[in-house]
> 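Have a look at this one.
Each chain gets a letter, A, B and so on, in the order the sequences are listed, and its residues count up from 1.
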2 protein chains.
Amino acid sequence: MDEKEQAQIIIGKLMNIGGMLQKKANQLLSPFGLNQQQFSLLFEIFKAGRVNQKTMVNRLMLEKAHVSKIIKKLHSMGLIGIVPSTDDKRSSWLSITEKGKDVVEGCRKALGEWNGAWITSLAGGERMKMVDSLSLLQSSLRDAIQDK
Amino acid sequence: MDEKEQAQIIIGKLMNIGGMLQKKANQLLSPFGLNQQQFSLLFEIFKAGRVNQKTMVNRLMLEKAHVSKIIKKLHSMGLIGIVPSTDDKRSSWLSITEKGKDVVEGCRKALGEWNGAWITSLAGGERMKMVDSLSLLQSSLRDAIQDK
DNA sequence: TCTATATAGTTGACAAGGAAACTATATTTC
DNA sequence: GAAATATAGTTTCCTTGTCAACTATATAGA
């Protein structure tokens with residue numbers, strides 16, 4: 001198995017696992033009226049405290065049109081607040097509401113209850129190595145994508 | 001970092017990497033008029049020689065409605081042939097056409113040219129370990145999803 | 001100070017993907 | 001053999017995600 005073949009197998013598996021995980025997350029989150037990307041954006045706003053869309057676009061590597069539409073939805077659901085920026089009239093500050101925090105907590109609980117179980121197929125030591133390897137791959141993939 | 005925390009980090013990274021890879025693959029394949037899922041279905045038909053939709057649904061873990069629509073598209077593009085089964089009138093046999101084989105080759109080349117580069121951030125030995133770990137995760141995730 | 005260019009975000013058009021309901025056929029049960 | 005149930009695949013409806021074009025505002029350059 002040469003380098004190229006290994007690369008193809010790893011990438012195939014990463015896409016397959018990623019696809020299954022996303023689909024499962026979408027199912028687990030649908031009772032909250034969100035999908036995985038919408039939740040991750042809400043969660044990022046929660047973590048950031050106060051943030052603008054541009055930053056979310058960059059941090060999550062999503063299309064700005066898509067972020068705009070998700071923001072609209074989250075706002076209409078009452079999960080985030082939007083305050084126009086005084087520095088830049090084109091822009092707004094996003095922050096989570098109390099309702100939004102409740103939803104984030106519920107989502108994390110729903111995901112956590114499912115996620116914890118199946119990963120025990122990997123031993124503890126291997127999990128630490130996996131974290132390291134995935135971090136490496138993640139950042140070099142990011143670089144490769146942004147270089148384009 | 002306890003087990004639960006490790007699980008969350010690994011899953012977050014797997015989804016993020018999977019998402020980036022899928023998006024990139026979609027970009028690379030769009031000149032062929034396909035996206036990543038459509039290509040993977042075409043590729044599976046290519047590998048199988050002759051196969052029915054039910055098998056594709058199971059093997060790729062896609063919605064049957066979705067497979068049906070992709071089949072329709074691939075057929076209208078002239079990439080696959082469809083022959084009604086004589087055993088079961090509800091079903092058909094799918095196979096790739098010469099044109100389809102050309103497209104598969106072109107797609108593999110396009111993906112291969114990009115995929116090979118960035119994964120070198122992992123050393124050879126680590127790549128083998130990664131293959132093993134991802135295989136474990138993949139099959140236990142599959143089991144977890146199908147158990148539901 | 002005015003014009004040209006860049007940027008933050010929005011909207012429309014379109015294709016994709018999921019869920020549910022459907023049709024036609026196969027299998028099981030009585 | 002007929003009725004009930006299951007199955008293979010299709011279609012409709014709806015939401016999502018991408019792309020391109022747009023508006024309003026900020027910044028750069030002359």
Side-chain angles (χ1 to χ4, degrees), chain A residues 15 18-42 45 51-77 80 82-94 145 148, chain B residues 15 18-42 45 51-77 80 82-94 145 148:
Chain A
M15 291 213 283
M20 290 196 278
L21 285 173
Q22 187 181 44
K23 198 173 253 196
K24 187 65 190 179
N26 285 344
Q27 283 169 9
L28 292 168
L29 297 173
S30 78
F32 300 92
L34 300 177
N35 69 21
Q36 185 268 319
Q37 280 188 323
Q38 291 157 357
F39 168 67
S40 73
L41 182 52
L42 181 65
I45 294 171
V51 73
N52 62 15
Q53 286 183 206
K54 171 66 170 174
T55 303
M56 292 297 84
V57 168
N58 290 339
R59 203 173 285 174
L60 297 174
M61 291 178 79
L62 297 176
E63 297 283 339
K64 58 180 181 173
H66 187 191
V67 169
S68 186
K69 289 176 182 180
I70 297 178
I71 292 302
K72 192 167 188 174
K73 174 171 174 168
L74 296 180
H75 187 244
S76 78
M77 289 172 78
I80 61 171
I82 304 179
V83 172
S85 169
T86 49
D87 301 318
D88 184 339
K89 285 180 168 47
R90 299 171 299 177
S91 192
S92 301
W93 291 112
L94 313 170
I145 284 170
K148 203 51 178 77
Chain B
M15 293 216 278
M20 290 195 279
L21 286 173
Q22 186 181 44
K23 199 173 254 197
K24 188 65 191 177
N26 285 345
Q27 282 168 10
L28 292 169
L29 297 173
S30 78
F32 300 92
L34 300 178
N35 67 22
Q36 183 268 320
Q37 279 191 322
Q38 290 157 358
F39 168 67
S40 72
L41 181 50
L42 180 65
I45 293 170
V51 74
N52 63 14
Q53 287 184 205
K54 171 66 172 176
T55 303
M56 293 296 83
V57 167
N58 290 340
R59 203 172 284 174
L60 298 174
M61 293 177 79
L62 297 176
E63 296 285 337
K64 58 181 180 172
H66 187 192
V67 169
S68 186
K69 291 172 182 177
I70 297 178
I71 292 301
K72 193 167 186 171
K73 173 171 175 166
L74 296 180
H75 187 243
S76 77
M77 288 173 81
I80 60 172
I82 303 178
V83 172
S85 168
T86 49
D87 302 319
D88 185 339
K89 285 180 168 47
R90 300 171 297 179
S91 191
S92 302
W93 291 112
L94 312 170
I145 283 170
K148 205 47 180 76

> Taking the nucleotide of DNA chain D with the nearest heavy atom to each, does B:Ile71 or A:Ile70 sit closer to the 5' end?
B:Ile71
> Between A:Lys23 and A:Ser92, just flag the one whose closest nucleotide in DNA chain C comes earlier from the 5' side.
A:Ser92
> Phosphate oxygens OP1/OP2 of D:dC19: is one of them under 4.0 Å from a side-chain N or O of B:Gln27?
no
> Calculate the interatomic distance between A:Asp87 atom CG and D:dT27 atom P; express it in whole Å.
10 Å
> Looking only at non-hydrogen atoms, find the nearest pair between B:Ile82 and B:Ser92 and report the distance.
CG2-CB, 3.5 Å
> Given atom CD of A:Gln53 and atom C1' of C:dT10, what is their separation to the nearest angstrom?
9 Å
> Would you check if A:Leu29 and A:Gln38 make a side-chain contact, meaning some heavy-atom pair closer than 4.5 Å?
no
> Given atom CG of A:Leu34 and atom P of C:dG18, what is their separation to the nearest angstrom?
18 Å
> Before giving the answer on side-chain contact (heavy atoms from CB on, under 4.5 Å), spell out for A:His66 and A:Gln37 the whole-Å C-alpha distance, their side-chain angles and the decisive distance to 0.1 Å.
CA-CA 10 Å; A:His66 187 191; A:Gln37 280 188 323; 2.9 Å; yes
> Separation of A:Lys54 atom NZ from D:dT27 atom P, in whole Å?
14 Å
> Could you check how far CG of B:Leu62 sits from P of C:dG18, rounded to whole Å?
7 Å
> Quickly work out the B:Glu63 CD to D:dT16 C1' distance and round it to whole Å.
15 Å
> Could you go over nucleotides 13-16 of chain C and give all protein N or O partners under 3.5 Å, atom names and distances?
{"residue": "C:dA13", "atom": "N6", "partner": "A:Lys69", "partner atom": "NZ", "Å": "3.1"}
{"residue": "C:dA16", "atom": "OP1", "partner": "B:Gln38", "partner atom": "NE2", "Å": "3.3"}
{"residue": "C:dA16", "atom": "OP1", "partner": "B:Lys73", "partner atom": "NZ", "Å": "2.7"}
{"residue": "C:dA16", "atom": "O3'", "partner": "B:Asn35", "partner atom": "ND2", "Å": "3.4"}

> Check whether any side-chain N or O of B:Lys72 sits under 4.0 Å from OP1 or OP2 of D:dT11, and answer yes or no.
yes
> In whole angstrom, give the distance that lies between atom CE of A:Met61 and atom P of D:dG17.
16 Å
> For the CG atom of B:Asn35 and the CD1 atom of B:Ile70, what is their distance to the nearest 0.5 Å?
6.5 Å
> Once each nucleotide of nucleotides 20-25 of chain D is scored for protein heavy atoms under 4.0 Å, what B/S/- sequence comes out, 5' to 3'?
B---BB
> Find the distance between CD (A:Gln36) and CG (A:Leu28) and round it off to the nearest 0.5 Å.
11.0 Å
> So A:Asn52, base contact, sugar-phosphate only, or nothing? Heavy-atom distance under 4.0 Å.
sugar-phosphate
> So, is B:Ser68 near the phosphate of D:dG9, with a side-chain N or O under 4.0 Å from OP1 or OP2?
no
> Under the 3.5 angstrom rule, does the side chain of B:Lys23 hit a backbone N or O of A:Met61 as a donor-acceptor pair?
yes
> List the atom of B:Gly33, the atom of B:Met77, and the distance in Å for their closest heavy-atom pair.
O-CE, 3.9 Å
> Checking B:Val67 now: which residues fulfil side chain to side chain contact (heavy atoms under 4.5 Å, CB included) with it, not counting sequence neighbours?
B:Leu41, B:Gln53, B:Met56, B:Val57, B:Leu62, B:Ile71
> How many angstroms lie between atom CG of B:Asp88 and atom CH2 of B:Trp93, to the nearest 0.5 angstrom?
9.5 Å
> Have a look at B:Ser91 and say if it touches a base, only the backbone sugar-phosphate, or nothing, with a 4.0 Å heavy-atom cut-off.
sugar-phosphate
> Please give, in whole Å, the distance from D:dT7 P to B:Asn58 CG?
12 Å
> Regarding B:Thr55 and B:Asn52, do their side chains bring together a donor and an acceptor under 3.5 Å, going by distance alone?
yes
